[in-house]
2 protein chains.
Amino acid sequence: MSHDCRVDTALEILVGKWKHHILFQLMKHDVMRFSELKRAIPGITQKMLTSQLRELEANGIVDRKVYAQVPPKVEYMMTAYGESLQPVLAAMHEWGEKHVQYLQSRDTNKQVQRPPESNDWI
Amino acid sequence: MSHDCRVDTALEILVGKWKHHILFQLMKHDVMRFSELKRAIPGITQKMLTSQLRELEANGIVDRKVYAQVPPKVEYMMTAYGESLQPVLAAMHEWGEKHVQYLQSRDTNKQVQRPPESNDWI
DNA sequence: CAGCATCCCCTCAGATACTG
DNA sequence: CAGTATCTGAGGGGATGCTG
């Protein structure tokens, strides 16, 4: 009743300037080291990457594996539970694409059609 | 910046402390006046309600109908296009519910690992 | 390599007051 | 009734430096 809806719960997980980029990478690559993630997400700082990963970890979305060695090696991967976000992200991605087209067709007619992309969500 | 996925496009529409509450109400009621929305969403201020509605309107999600009369009367409703958000919100809501349960079961029983594959989320 | 610690800025959103 | 107009504080996020 007062649950209104749990959309905000999902939003809390996804909101954050970089969180869905991280999820995108981890869903694409299975396992990634910290530096790999940083390289794969242009513009992100260590601080942001760390904090966002910590939040995702605290929510059970990603797993963190630390190897006791020097130099340090830390691997990140989606948890099985985290994978359950896939349909949600897919729905958002799909709608987002439609919305981009919608805005283009609405705002102006001289706008060129969007070129094909290769790195979409599954 | 990120051309690899359109999740952020959907996020831009949904993010905002009150936006999904407004969408929830408008999807439930078809047509609502400004004051009805304000009453239906406890805690929201006029400023927030106005600004969020303006953004939704600018994105073609909601429609604003002004009656030229005194006192003023303004009605808000989902656009046909805005209705296309419904499956996205439904997916997020569904996942949010599962996540709440997941957090509860994880917090109340920290020793036992939850079997990830035998589940019905999604 | 993978971080933590600081400092700082800027936006979001709350409170309050005013208006056609 | 349905809005504007201001002021303000909190915190999300950036830049930089240090460390095991």
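In what follows, every chain begins at residue 1, and chains take the letters A, B, ... in the order their sequences are listed.
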S.K.: What is the distance from CZ of R64(A) to P of dC1(C), rounded to the nearest Å?
M.R.: 16 Å
S.K.: Could you check V15(B) against T50(A) and say which one's nearest nucleotide on DNA chain C is further toward the 5' end?
M.R.: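 With V15(B) and T50(A) compared, the 5'-side residue is T50(A).
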S.K.: With a non-hydrogen cut-off below 4.0 angstrom, is Y67(A) in contact with a base, only sugar-phosphate, or nothing?
M.R.: nothing
S.K.: Measure CG/L49(A) against P/dG3(C) and give the value in whole Å, please.
M.R.: 8 Å
S.K.: Using a 4.0 Å heavy-atom cut-off across all strands, classify K38(B) as base, sugar-phosphate, or nothing.
M.R.: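 Nothing, no heavy atom under 4.0 Å.
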S.K.: Nearest to the side chain of F34(A) - dA2(C), dC7(C), dG3(D)?
M.R.: dA2(C)
S.K.: Applying ring pair (Phe, Tyr, Trp, His ring centres under 6.0 Å), run through H93(B) and F24(B) and close with a yes or a no.
M.R.: CA-CA 11 Å; H93(B) 171 66; F24(B) 178 70; 7.9 Å; no
S.K.: Starting from the 5' end of DNA chain D, give me the residue, P72(A) or Q52(A), whose nearest nucleotide shows up first.
M.R.: Q52(A)
S.K.: Can you classify the ring geometry of Y81(A) versus H99(B) as parallel (below 30°), tilted (30 to 60°) or perpendicular (above 60°)?
M.R.: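 Y81(A) vs H99(B) ring planes: parallel.
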S.K.: Counting just side-chain N and O atoms, does S35(A) come under 4.0 Å of either OP1 or OP2 of dA2(C)?
M.R.: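 Yes.
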S.K.: In whole angstrom, what separates E75(B)'s CD from dG3(D)'s P?
M.R.: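 Distance check: E75(B) CD to dG3(D) P gives 12 Å.
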S.K.: How long is the line joining NZ of K19(A) and C1' of dG12(D), in whole Å?
M.R.: 11 Å
S.K.: Ignoring hydrogens and angles, tell me if any N or O in the side chain of T79(B) forms a donor-acceptor pair with the backbone of G60(B) under 3.5 Å.
M.R.: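 A pair under 3.5 Å: yes.
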S.K.: Whole Å only: how far is the CD atom of Q46(A) from the C1' atom of dA5(C)?
M.R.: 13 Å
S.K.: Roughly, in whole Å, what's the span from CE in M48(A) to P in dT16(D)?
M.R.: 15 Å
S.K.: Without decimals, in angstroms, what is the distance between D8(A) CG and dA13(C) P?
M.R.: 14 Å
S.K.: Does a nitrogen or oxygen in the side chain of R54(B) sit under 4.0 Å from OP1 or OP2 of dT4(D)?
M.R.: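 Checking R54(B) against dT4(D): at least one side-chain N or O falls below 4.0 Å of OP1 or OP2.
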S.K.: Just compare dT4(D), dA15(C), dG3(C) and give me whichever is closest to any side-chain atom of T45(B).
M.R.: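 Given the options dT4(D), dA15(C), dG3(C), the side chain of T45(B) is closest to dA15(C).
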S.K.: How close or far is atom C1' of dA2(D) from atom OH of Y76(B), stated in whole angstroms?
M.R.: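 Roughly 8 Å, once rounded to whole Å.
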S.K.: Nearest to the side chain of R33(A), heavy atoms from C-beta on, is which of dC7(D), dG20(C), dC1(C)?
M.R.: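 That would be dC1(C).
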S.K.: Given 3.5 Å as the limit, does a donor-acceptor pair link the side chain of H29(A) with the main chain of Q25(A), or not?
M.R.: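 Yes: the side chain of H29(A) pairs with the backbone of Q25(A).
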S.K.: What is the ring orientation for W18(B) with H21(B), classed by angle as parallel under 30°, tilted 30 to 60°, or perpendicular over 60°?
M.R.: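 Aromatic pair W18(B)/H21(B) classed tilted.
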S.K.: Of all the nucleotides listed (dG3(C), dA5(D), dA2(D)), which has the minimum atom distance to the side chain of K47(B)?
M.R.: dA5(D)
